[in-house]
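The structure under discussion appears below in the form of structure tokens.
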Amino acid sequence: MLKQCLLRPQTVAFVMNQTPIRSSCHLARLGSTRRSLWRTFSSTNNNDDVNNDNKPRLSVAVVGAGPAGFYASKYLTSSVLKRITQSTSSGDDDDDTHSTPFGFSGIDIDLIERLPTPYGLVRYGVAPDHPEVKNVENDFAALFNKQGESQNSSINFYGNVDVGKQIPLSKLQSLYDVVILAYGCQAADKRLNIPGEDTLEGVLSAREFVAWYNGHPEFQHIGPIVERCLWKKKSNTTNDDDITETSISPARVVVIGQGNVALDVARVLAKGKPGLIDTDTPTSVLNVLKGGVSHVSVVGRRGHVQGAFTIKELRELTKLDKEGHNVSFVVRKEELEMGMTDASMEELKGPGGRPKSRIDKLLQDNAVEEDAQSTDAEKSVEIRFLLNPTQLAPHESNLSKVGHVLCERTRLEGDPGKQRPVGTGEMEELPADLVLVSIGYRGMPLEGMEELDFFDSSSSTVVNEHGKLPGENNLFVTGWIKRGPTGIIGTNIMDAKDTVKSVMNYLETSVPVAGVESQGRDGLNDHLGAHDVKVVDWNQFLRIVSAEIDTTRLRSEAQPREKILAVSEMLNAAQR
Ligand code: NAP
């Protein structure tokens, strides 16, 4: 705490030039030394004609280079630059705050990422057959491409740096004026808490499966597991030689959960190599998926009105056959009817009911009676409702592998918007060679963060108010680790703006509490150098990109890139 209360030279300059501290608690925070310093500066600082050259630049560390980290960097840079312009303009601004001096002459952001590559879930989470979503990478890269347009701002990328392991969070706090946590929820999963979840081969989380098919370097061990589940010999008479690169796997896959991630994995499994050949799906993944999987069931414990998926993703499933992917879409009329309680009808009519009504119509249009299901397609994706998994059971001939998912039929009870699944006692067994649990991601504290008491393990998020962590510190948070794993990429824009507003408020009303070590980027470089960390900077990342789009690596002209799958290989490419 003592460390946090001392002033560094830049902070002194900031105090000299900044708006008088407004509340007594800020003065109390300064301690006696800082209070006497503050008295001296405030009594001599009556001059609003501030020379920007004497002011420090704001140093900011952003932990995590996914969408949340990029948007926070973008909007904090623009807010600080705007504020600097306002504070140096002639003062015709009606807003009192903005006609007062601002304590900083510029902003330097260091975007720190555990992997050698930026973009987080855009690179390793968005489905490869959604390239239009991945285009947002260009907007993020623009932050670096515009580098140098304003002398008052800079952004550096520190890839391959693990905050918590290679540099403690407390060290970052002492080096930087502001630290923004934007490291997401990609480290863990929500759990079903049912038998078989942890013990059987062939039970994976959708998070692991998605990371594998997107070429995430830490999930390449998933490939052999998927391969065993999809292509294990059905009987002694099946010969491996009969399996070609377009063979359709006879396996049955059960996906538990009905969010957009569940629909993504079902679509990818069904499409297989023929449907993904022109995407950036790694070739090693296509070689496992081959012609796709014959039967995928996506199972939800509630009804179709309560499904967490959106219509775009649902429609894609219904159109797979028309688009030539040889996949029929199956939904049972009976299950749609069962979910149409009075409360569900109210949900369709009530606020926010319009998207749900469109989903209802799409499903009703595609629904068939259970005994009338027939199709020429060799593969199918079936969406099942009102089935709650109660056990993942072993295969009868191999007790270490999953064989089926035992589900209990549910009925809905409760008021509109709050309907919950209640067991009816009726059981159904869904055969399964592979089970993908897709019930949501879970945030984890960074190493060393537990002691700070900032992590709420019940919601798996960092405790915050509009992105500001409680108490006297320079910590902020944005993205999934702030609000939980919900929303699309664009949701992070409003979220980042909310956090940036809190940062700006902090800068206006508090003395930044960075400690004696506050050397920002120089201090980070010294620390990482002393610990022999192989940092990947932005230009080195661009070399990784060049290697990935080298035509000698690509399977066709249409393939956007062949991702490098090992960190060691990325580091080699970064050095070339
Ligand atoms: P999600 O949208 O939160 O869906 C989770 C699903 O799991 C729900 O159907 C939920 O059902 C079910 N579930 C939760 N706990 C369960 C349990 N114990 N037993 C059975 N089912 C359970 O999560 P997500 O699919 O991982 O997606 C995360 C976020 O990323 C979402 O906001 C999503 O929209 C977004 N995303 C968007 C796209 C896209 O735009 N294309 C793609 C991928 C992800 P209940 O409702 O009954 O709890």
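In listed order, ligands and their atoms are each counted from 1.
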Exercise. Count the heavy atoms of every other residue, nucleotide or ligand shown that sit under 6.0 Å from CG of Asp456, and state whether that count exceeds 12.
Key: yes
Self-check item: Criterion side chain to side chain donor-acceptor pair (under 3.5 Å) on Glu347 and Ser344, from CA distance to verdict
Solution: CA-CA 5 Å; Glu347 286 173 25; Ser344 293; 4.9 Å; no
Could you tell me whether the side chains of [X] and [Y] share a donor-acceptor contact shorter than 3.5 Å?
X: Arg207; Y: His216; result: no
X: Ser294; Y: Glu378; result: no
X: Arg384; Y: Ser297; result: no
X: Asp360; Y: Gln364; result: yes

Quiz item: If you count only heavy atoms, which residues are under 4.0 Å from ligand 1?
Solution: Leu192, Gly257, Gln258, Gly259, Asn260, Val261, Asp264, Arg301, Arg302, Ala308, Glu313, Ser438, Ile439, Gly440, Trp480, Pro485, Thr486, Gly487, Ile488
